There are 2 protein chains.
Amino acid sequence: MKVPKYFHVKSQILALIADLGPGDPVPTERDLAETFATSRTTVRKAIAELVADGRLVHTQGRGTFVAEPKLMQVRQLTSFSQDLTSEGWRPGSVVLDIAEVAADAELAARLRVPEGARVHRVERLRTAADEPIAHEVAHLPGPLPRLAEELDRLGSLYATLRECYDIELALVEDTVETAVADPQQAALLGCDTGQPLLLIHRTGLDVDGTVVEWTRSVFRGDRFRFVALQRVGADAVPVAGASK
Amino acid sequence: MKVPKYFHVKSQILALIADLGPGDPVPTERDLAETFATSRTTVRKAIAELVADGRLVHTQGRGTFVAEPKLMQVRQLTSFSQDLTSEGWRPGSVVLDIAEVAADAELAARLRVPEGARVHRVERLRTAADEPIAHEVAHLPGPLPRLAEELDRLGSLYATLRECYDIELALVEDTVETAVADPQQAALLGCDTGQPLLLIHRTGLDVDGTVVEWTRSVFRGDRFRFVALQRVGADAVPVAGASK
DNA sequence: CACCCGGATTGGTCTATGCCAATCTATCAA
DNA sequence: TTGATAGATTGGCATAGACCAATCCGGGTG
């Protein structure tokens, strides 16, 4: 196996930070290049992978530091707040946009409404300990009068659906895939462009099998772990129309 | 929003390949650098992200090509074979190693057996249409006589457990996170080092709640999508000891 | 003391270039 | 026809250097 040089550098940096704690500074890229007798480009490639791994964080003008060993996980996105709270994080969310829009072809199919139907669109930035961890755009069919006000009052989207509109989620289908951050997402999430992300699409159904939400979430891959608990056999029923 | 040049190049390449079909060649890196009036380094960074996105594939000595729009998905890893078959892929697996080993501390905790207990280790490369898509290491507790022979006979690990040892999975907990490919994984999966991967850990329980497997799977992020179907409420019971 | 500003530091991007490794192709020989 | 081989092509890795942008720090000013 031919191992490129930047991979050796990566190992050496890992050895360096083994004795350090979260938040401790790592030597500058120029220093590392000199001590490892290599170029800054090679050091940067090694550091980039360590950042993607969640081992380091770096900020322009400040430096590079050992990352917090913070892998947050949620069991179900519907209990996002509880999960994070129980693990000691302070969950929060910032509503970036909330509006009524006309459903395009794909959205109509996902929500099983006629194309052009008016649906609600809720765009939020989800945070933990005031740090952005996910960008989320939810689409909800049906009339939901005063959604903005109620959501603002209760904070939680699912609590709002339950308490204000008597909508109770019974089944969710999540699809999880990887993506790489584009400049917009990177800016929102406070990570580098090109960083691996977890892209999660969620279809939520109530007890009748009616689609009550279709949501696209983008999580920072270096901070997050998704957990799914599945029964074998009985639950293996696809949500019709939920897959591409 | 400041958008770096390589991102513009990425967009321009996307425009180029919009009219092309899967397998069609893309101009060489040196050509692209010239037509976009930039350096090869910048072109390579743009291409690297497009490869991570699953839009392009490239091979040393051959060139760069438009990728197949192949996003495979499985609903449950326990029905890997059925899921892929039903979507037209030809699933297969290659047993790389199968042995009995002593459980170290972490493995013992995961499987809920004493440290040092003998457990089975099954390392496989999973394929679809003869293309590697996942590297999987399964650990199984308890005596499973002639496991290698039976697994070789039936092909499927879950079928073997069910038919030969009367072990039926009832509940699985999957955790999904991102990772980047190291040289070994890249070689096994046929992708670039540094490419985003889906790292999935699975704990499988039978009806009694006994842990019957603990498995670590690494999927190519550019080809794969994980699907989880979850009931809301009742199923939200953590698998004790399954989380770090 | 509080504030502002300018230089030094550090990461972010881009260039130009060289050589290596895998592949393909055209040629030549058996 | 078949097979080996040498050269050209293409991506893979690494270098050295330049300049930009964000941050930090220290000194001067009010």
Side-chain angles (χ1 to χ4, degrees), chain A residues 1-13 17 23-52 55-67 180-184 186-187 190-195, chain B residues 1-13 17 23-52 55-67 180-184 186-187 190-195:
Chain A
M1 170 102 40
K2 178 65 183 67
V3 178
K5 188 167 183 174
Y6 72 85
F7 199 80
H8 285 135
V9 173
K10 187 177 171 184
S11 304
Q12 291 176 291
I13 297 176
I17 68 179
D24 287 347
V26 164
T28 69
E29 296 176 350
R30 289 166 175 89
D31 281 354
L32 288 170
E34 190 174 359
T35 56
F36 295 144
T38 183
S39 68
R40 201 180 143 213
T41 312
T42 302
V43 169
R44 279 183 60 77
K45 183 148 186 175
I47 289 180
E49 287 201 3
L50 288 167
V51 171
R55 306 296 302 265
L56 297 177
V57 293
H58 54 184
T59 317
Q60 182 174 156
R62 278 174 47 75
T64 306
F65 308 89
V66 178
V180 298
D182 63 32
Q184 289 82 19
C191 65
D192 300 348
T193 72
Q195 284 284 102
Chain B
M1 170 103 39
K2 177 67 182 64
V3 178
K5 188 168 186 175
Y6 72 84
F7 199 78
H8 285 137
V9 173
K10 187 178 171 183
S11 304
Q12 291 175 291
I13 296 177
I17 68 178
D24 287 348
V26 165
T28 70
E29 296 176 349
R30 290 168 175 89
D31 282 354
L32 289 170
E34 190 175 358
T35 56
F36 295 144
T38 182
S39 69
R40 201 179 142 214
T41 312
T42 302
V43 170
R44 279 181 59 77
K45 183 148 186 174
I47 289 180
E49 287 200 3
L50 288 168
V51 171
R55 306 297 302 264
L56 296 178
V57 294
H58 55 183
T59 316
Q60 182 174 155
R62 278 172 47 75
T64 305
F65 309 89
V66 178
V180 299
D182 62 32
Q184 288 83 19
C191 65
D192 300 348
T193 72
Q195 284 284 101

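Side-chain atoms are counted along with the backbone in the values below, which use heavy atoms only and exclude waters and symmetry mates. Reminder, nothing fancy here: chain letters follow the sequence lines and each chain counts from 1. All values reported here derive from a predicted model rather than from experimental measurement.
- Summarising the local packing, CD of B/Gln184 is surrounded by more than 12 heavy atoms from other residues, nucleotides or ligands at distances under 6.0 Å.
- Counting heavy atoms from C-beta on, the side chains of A/Thr64 and A/Thr28 never come closer than 4.5 Å.
- Looking at A/Val43 and A/Thr38, their side chains come closer than 4.5 Å, going by heavy atoms from C-beta outward.
- Of the residues in residues 55-63 of chain B, those placing a heavy atom less than 4.0 Å from an atom of DNA chain C are B/Gln60, B/Gly61, B/Arg62, in numerical order.
- B/Ile47 is listed as a side-chain neighbour of B/Leu32, based on a closest heavy-atom distance under 4.5 Å.
- Partners of A/Asp182 by side chain to side chain donor-acceptor pair (under 3.5 Å), not counting sequence neighbours: none found.
- Partners of A/Gln12 by side chain to side chain contact (heavy atoms under 4.5 Å, CB included), not counting sequence neighbours, listed by chain and number: A/Val9, A/Phe36.
- Between the two ends of the helix from C/dC1-D/dG30 to C/dA30-D/dT1, each summarised by a five-pair axis, the helix axis turns through 10° (rounded to 10 degrees).
- The shortest non-hydrogen separation linking B/Pro4 to A/Pro183 is CD-CG, 4.5 Å.
- The CG-P distance, from A/Asp31 to C/dG11, rounds to 8 Å in whole Å.
- Annotation for A/Arg40: atom CZ counts as buried by contact number, over 12 foreign heavy atoms lying within 6.0 Å.
- The salt bridge (charged side-chain N to carboxylate O under 4.0 Å, His left out) check on B/Arg44 picks up B/Glu29, with sequence neighbours excluded.
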Inset, instruction - Starting at the 5' end of nucleotides 13-19 of chain C, put B wherever the base has a protein heavy atom under 4.0 Å, S where only the sugar-phosphate does, and a dash everywhere else. - result: BSBB-BB

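- From B/Glu49, atom CD reaches atom CZ of B/Arg55 across 13.0 Å, with rounding to the nearest 0.5 Å.
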